[in-house]
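The structure under discussion appears below in the form of structure tokens.
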Number of protein chains: 2
Amino acid sequence: MVMLRKIDKHSGVPAYLQIVNQIKAEILLGNLKAGQQLPTVRELETIFDVNINTILKALERLKAEGLVVSEQGIGYFVVKELNIDAEVVVAIKQLVSKLKSKQFDLYTTLVLVEEVWKNERF
Amino acid sequence: MVMLRKIDKHSGVPAYLQIVNQIKAEILLGNLKAGQQLPTVRELETIFDVNINTILKALERLKAEGLVVSEQGIGYFVVKELNIDAEVVVAIKQLVSKLKSKQFDLYTTLVLVEEVWKNERF
DNA sequence: CATAGTGTTCTATAGATATAGAACACTAAA
DNA sequence: TTTAGTGTTCTATATCTATAGAACACTATG
């Protein structure tokens, strides 16, 4: 089931990138499958609560990355199936569960993951 | 040991926020301890490879969050000790290790963690 | 007191981001 | 053919982000 949420306008991350991220994640998690149609651009405008031009900028990026295609007069469609290893999803869910139980917030969590990623040699 | 890196000017995330994140993470990981002096603003300018005003914007944010204080003519100092549970760091390192071994990139990883965080009810 | 090394403030400019509004182009179905 | 529902393009405007450059203020030390 596709879950698209309003973006966070105060996070500092550009709105169009937050939209790209959400749609990409839905594809990665298998909630959006190849061939499936996205909501219309005007529906996305409502869903994300941003201007249509911001929607178009995000979709343009997703097209450039080859994840979706547009058909004028019809709609946008998912191209690639990017289903990831279920084991990975489980591992992420476990970490998220642990951090939530320890009262971490999302922002702190993301910062820590990024730093560990960049600082550790594996 | 403090590890501060040049920011990624093409990530879309504002430079001053990337700087805030790096310094905050160093404090969280215990690499910057309470009372410790940060590099000078002009050293930070070189380290992060951005303009001094961008450094000041980041430090202003860290001051507002109560993580650092400035003393004019002297320097910036860490206020809070935010050392986190070692168990949490280990868990994050394990996840990062697993994802790197499966050829995930950092960007995809962060997007997935964020989506799982927002979509799962724990 | 003079100086070097700190942080601080200010102005000007360029580029990126986001919105609003309007119009246009294509597709499918009545 | 007409119409409703799609995507597409364009202009104008406001705000945020980042840089450059200059000057100023405070602290410690010789």
Side-chain angles (χ1 to χ4, degrees), chain A residues 2 4-24 32 35-79 107 111, chain B residues 2 4-24 32 35-79 107 111:
Chain A
V2 188
L4 299 172
R5 297 164 268 93
K6 287 201 194 313
I7 60 153
D8 179 357
K9 295 191 175 181
H10 305 292
S11 75
V13 179
Y16 81 95
L17 281 181
Q18 294 186 49
I19 293 166
V20 167
N21 289 346
Q22 278 198 45
I23 293 175
K24 189 180 292 183
L32 279 173
Q36 192 169 342
Q37 181 169 5
L38 296 182
T40 70
V41 291
R42 290 175 180 87
E43 282 172 349
L44 291 171
E45 199 180 359
T46 301
I47 292 172
F48 291 117
D49 193 23
V50 296
N51 186 270
I52 191 170
N53 295 309
T54 305
I55 297 295
L56 291 177
K57 189 166 185 176
L59 290 172
E60 185 182 3
R61 173 72 74 95
L62 289 168
K63 275 205 293 189
E65 294 186 18
L67 292 174
V68 307
V69 290
S70 61
E71 297 182 26
Q72 185 164 1
I74 308 184
Y76 277 84
F77 297 87
V78 177
V79 174
Y107 183 66
V111 166
Chain B
V2 188
L4 298 173
R5 297 164 267 96
K6 287 200 195 314
I7 60 152
D8 178 357
K9 295 190 176 181
H10 305 292
S11 75
V13 180
Y16 80 96
L17 281 182
Q18 293 185 50
I19 293 166
V20 168
N21 289 346
Q22 277 197 46
I23 293 176
K24 188 179 291 183
L32 279 172
Q36 191 168 345
Q37 183 169 6
L38 295 183
T40 71
V41 293
R42 288 176 182 84
E43 282 173 349
L44 291 171
E45 199 179 0
T46 301
I47 292 171
F48 290 117
D49 194 24
V50 298
N51 185 270
I52 192 172
N53 295 308
T54 304
I55 297 295
L56 292 176
K57 189 167 187 177
L59 290 172
E60 186 182 1
R61 174 71 74 97
L62 289 167
K63 276 204 292 190
E65 295 187 17
L67 292 174
V68 307
V69 290
S70 63
E71 296 183 28
Q72 184 163 4
I74 308 183
Y76 278 82
F77 298 86
V78 178
V79 174
Y107 183 66
V111 165

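Within every chain, numbering begins at 1; the chains are lettered A, B, ... in the order of the sequence lines, protein sequences first and strands thereafter.
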Quick one: [X] [atom1] to [N] [atom2], roughly how many Å, whole number?
{"X": "A/Arg42", "N": "C/dC26", "atom1": "CZ", "atom2": "C1'", "result": "12 Å"}
{"X": "A/Tyr76", "N": "C/dT27", "atom1": "OH", "atom2": "P", "result": "15 Å"}
{"X": "B/Glu45", "N": "C/dG5", "atom1": "CD", "atom2": "C1'", "result": "15 Å"}
{"X": "A/Ile19", "N": "C/dA18", "atom1": "CD1", "atom2": "C1'", "result": "11 Å"}
{"X": "A/Asn51", "N": "C/dT17", "atom1": "CG", "atom2": "C1'", "result": "11 Å"}

For residues 58-68 of chain B, which residues have at least one heavy atom under 4.0 Å from DNA chain C? B/Lys63
Rounded to the nearest 0.5 Å, what separates atom [atom1] in [X] from atom [atom2] in [Y]?
{"X": "A/Leu56", "Y": "A/Tyr76", "atom1": "CG", "atom2": "OH", "value": "5.5 Å"}
{"X": "A/Leu38", "Y": "A/Ser70", "atom1": "CG", "atom2": "OG", "value": "10.5 Å"}
{"X": "B/Leu4", "Y": "B/Ile23", "atom1": "CG", "atom2": "CD1", "value": "6.0 Å"}

If you look at every heavy atom in [X] and [Y], which pair is closest and at what distance?
{"X": "B/Asp49", "Y": "B/Lys9", "result": "O-NZ, 2.9 Å"}
{"X": "B/Gln37", "Y": "B/Gly75", "result": "NE2-CA, 3.7 Å"}
{"X": "B/Ala15", "Y": "B/Thr54", "result": "CB-CG2, 3.9 Å"}
{"X": "B/Glu65", "Y": "B/Lys24", "result": "OE1-NZ, 2.8 Å"}

N/O (side chain, B/Lys9) to phosphate O (OP1/OP2, C/dG15) under 4.0 Å: no
Taking only side-chain nitrogens and oxygens of A/Thr54, does any of them come within less than 4.0 Å of OP1 or OP2 of C/dT17? no
Using the closest heavy atom to pick a nucleotide of DNA chain D for each, name whichever of B/Leu17 or A/Gly73 lands nearer the 5' end. A/Gly73
Which residue lies toward the 5' end of DNA chain D, A/Gly12 or A/Leu56, if each is placed at its nearest nucleotide? A/Leu56
Quick check: does any side chain N or O of B/Gln18 sit under 3.5 Å from a backbone N or O of B/Phe48, one acting as donor and the other as acceptor? no
With a strict under 4.0 Å distance from non-hydrogen atoms of chain A, what nucleotide opens and what nucleotide closes the contacted stretch of DNA chain D, reading 5' to 3'? D/dG5 to D/dC10
Relative to the 5' end of DNA chain C, which residue comes earlier, A/Glu71 or A/Ala15, by the nucleotide with the nearest heavy atom? A/Ala15
Among all residues two or more places apart in sequence or in another chain, which pass the side chain to side chain contact (heavy atoms under 4.5 Å, CB included) test with B/Val69? B/Phe77, B/Val79
